[in-house]
Protein chains: 2
Amino acid sequence: MQGETLQPLEPSLSLPERLFVTLRGEIVEGRIPAGSKISEPELARRFNASRGSLREALMRLESLGLLERRVNVGARVVDLTERGLLDLYEVREALEGMACRLAAQHRSDEDITELWQMLGRHEQQEELQAGRAYFQPEGDFDFHFRIVQASNNDLLIDTLCNRLYYRVRMYRYQLGMPSPRAQRAFREHSHIIEAIEMGDGELAELLMRRHIRASRQNIEKKLR
Amino acid sequence: MQGETLQPLEPSLSLPERLFVTLRGEIVEGRIPAGSKISEPELARRFNASRGSLREALMRLESLGLLERRVNVGARVVDLTERGLLDLYEVREALEGMACRLAAQHRSDEDITELWQMLGRHEQQEELQAGRAYFQPEGDFDFHFRIVQASNNDLLIDTLCNRLYYRVRMYRYQLGMPSPRAQRAFREHSHIIEAIEMGDGELAELLMRRHIRASRQNIEKKLR
DNA sequence: CGCAAGGCTATTGTTGACAATTTTATGATG
DNA sequence: CATCATAAAATTGTCAACAATAGCCTTGCG
């Protein structure tokens with residue numbers, strides 16, 4: 001049995017780094033199932049890597065909150081729980097609300113232009129697949145991602161884009177997140193950008209919080 | 001030269017874990033200076049560990065945001081910047097405000113009792129060292145730590161207690177954080193607990209945000 | 001038949017050595 | 001004297017082997 005090929009990434013990255021990125025994807029998309037045990041020898045063989053390199057990647061995955069490790073026992077993929085999902089959205093509401101306010105305060109013309117262009121692309125794409133969920137692909141992610149980038153707070157950007165969003169994606173992939181009606185999500189996104197453009201941080205924060213809270217309540221309803 | 005002894009921890013923890021905890025402390029307290037380069041062979045010798053074990057610890061430190069690594073070059077301790085400090089307080093304001101609101105919503109009698117007891121100890125201690133900064137030792141941390149614990153949101157607890165607070169401590173140790181007048185901080189803490197006790201989440205959040213924002217403005221003033 | 005004790009097996013913990021790369025030192029040349 | 005090329009040294013990347021531990025399987029006893 002030949003070793004599986006790593007995700008095609010810059011080969012300039014170190015092996016542990018490529019393992020980390022690849023495994024992160026496998027976990028997020030559920031190809032390594034939530035709650036399952038990680039076998040170091042098996043994974044190392046699978047990617048033609050030594051256990052040492054693999055372990056460095058596992059350490060990073062643990063820090064990311066995607067793995068839980070116990071001494072002399074090994075690593076398991078975290079479980080997906082309703083509580084975890086609700087907690088996640090609660091934190092997102094606070095942080096992305098803040099990101100919106102900051103984006104409005106520091107609003108730069110480039111950011112505004114890019115945000116509108118992105119929304120335009122989403123609109124186009126949406127019309128194409130008429131009715132299909134605007135949320136399903138990366139469209140929604142693009143939006144939230146961009147907003148956060150515009151906040152100008154590196155810690156906030158790192159916390160959301162390099163940590164929490166992987167959890168969000170993991171829940172979406174595996175619990176099949178709710179797809180709010182495309183129309184509505186699109187209009188909400190549009191209003192948020194407007195508020196940012198006007199430099200109205202207070203309104204932008206309020207709209208984003210409401211946007212996320214609506215998703216959260218949608219989830220709560222769906223879970224009952 | 002004999003190897004330095006690791007921090008005395010549960011010996012049941014793995015070596016990389018103990019290295020991680022020890023190094024985290026060294027970096028936070030500035031014994032490994034901010035911005036300095038990490039030499040793997042040197043550190044490994046210093047703690048009588050192999051480079052492999054050390055590298056696993058370094059990976060975790062990088063994920064914590066205390067190290068920056070570049071391929072084939074090595075790791076450096078992060079720099080402390082004014083911007084980073086202000087960003088940090090901005091995020092704290094949002095997250096700890098949220099923690100307060102949740103603590104008020106889920107308020108349990110045990111939490112309230114513990115919070116008052118803790119404040120009592122702080123008062124006692126403060127009277128003892130009459131006028132000496134209440135903020136300097138771990139007093140302030142106890143308070144914020146406890147509040148967050150009472151929020152009942154595991155993700156929030158992890159983000160603040162296992163990630164951001166290490167940065168806060170690092171800045172405090174090394175930039176000599178502002179010590180707001182003990183009296184005032186104490187009174188503010190007291191009011192926050194009252195609001196939580198009354199189950200008034202809105203007020204609790206507002207007070208905590210103001211509390212942290214005051215610290216932030218204090219820092220801004222001191223930096224000019 | 002249930003259960004405890006002890007040994008076997010597979011997994012994790014840890015190490016030292018080798019390969020590849022960067023940095024430093026050296027020296028030749030304009 | 002500055003600068004560039006080259007060689008040497010040190011550092012990081014990667015691996016395979018050994019040690020220690022946990023989980024299982026068998027075996028013996030009540």
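Lettering follows sequence order; numbering is per chain, from 1.
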Exercise. Distance from Glu96(B) atom CD to His211(B) atom NE2, nearest 0.5 Å?
Worked result: 8.0 Å
Exercise. What's the closest nucleotide to the Ser50(B) side chain, out of dT14(D), dT15(C), dG13(C)?
Worked result: dT15(C)
For this session: Report yes if at least one side-chain N or O of Ser53(B) is closer than 4.0 Å to OP1 or OP2 of dT15(C); otherwise report no.
Result: yes
For this session: Answer with base, sugar-phosphate or nothing: what part of the nucleic acid does Leu54(B) contact at a heavy-atom distance below 4.0 Å?
Result: nothing
Seminar exercise, completed: Against the side chain of Val71(A), the closest entry in dT21(C), dG13(C), dT11(D) is dG13(C)
For this session: From the options dT15(C), dT12(D), dT12(C), select the nucleotide whose nearest atom is closest to the side chain of Leu15(B).
Result: dT15(C)
Seminar exercise, completed: Atom CZ of Arg51(A) and atom P of dT12(C) are separated, to the nearest Å, by 7 Å
Seminar exercise, completed: To the nearest angstrom, the CZ-P distance between Arg45(A) and dT12(C) comes to 11 Å
Seminar exercise, completed: Per nearest nucleotide of DNA chain D, the residue lying toward the 5' end, Val73(A) or Ala75(B), is Ala75(B)
For this session: Identify whether any heavy atom of Gly52(B) sits under 4.0 Å from a base atom; if not, whether one sits that close to sugar-phosphate; answer base, sugar-phosphate or nothing.
Result: base
Exercise. When all nucleic acid strands are considered with a 4.0 Å heavy-atom cut-off, which category describes Ile38(A): base, sugar-phosphate, or nothing?
Worked result: sugar-phosphate
Exercise. Tell me: CZ of Arg55(B) to P of dT11(D), nearest whole Å?
Worked result: 14 Å
Seminar exercise, completed: Side-chain atoms of Pro41(B) come closest, of dT11(D), dG13(C), dT14(D), to dT11(D)
For this session: Side chain of Lys37(A) only, please: which of dG13(C), dT14(C), dT12(C) is the nearest?
Result: dT12(C)
Exercise. Over how many whole Å does the gap from Phe47(B) atom CZ to dT15(C) atom P extend?
Worked result: 14 Å
Problem set entry | Expected output: side-chain Asp79(B) to main-chain Thr81(B) donor-acceptor under 3.5 Å | no
For this session: Calculate the interatomic distance between Glu56(A) atom CD and dC15(D) atom C1'; express it in whole Å.
Result: 12 Å
Exercise. Are the side chain of Asp87(B) and the backbone N or O of Asp154(A) linked by a donor-acceptor pair below 3.5 Å?
Worked result: yes
For this session: Write down the distance between CG (Asn72(A)) and P (dG13(C)), rounded to a whole number of angstrom.
Result: 6 Å
Seminar exercise, completed: Distance col, row Arg45(A):CZ vs Ser50(A):OG, nearest 0.5 angstrom, shows 13.5 Å
Exercise. Taking Ser36(B) for the side chain and Pro33(B) for the main chain, is one N or O donor matched with an acceptor at less than 3.5 Å?
Worked result: yes
Exercise. Whole-Å distance between dA10(D) P and Glu42(B) CD?
Worked result: 14 Å
Problem set entry | Separation of dT21(C) P from Arg70(B) CZ (nearest whole Å) | 17 Å
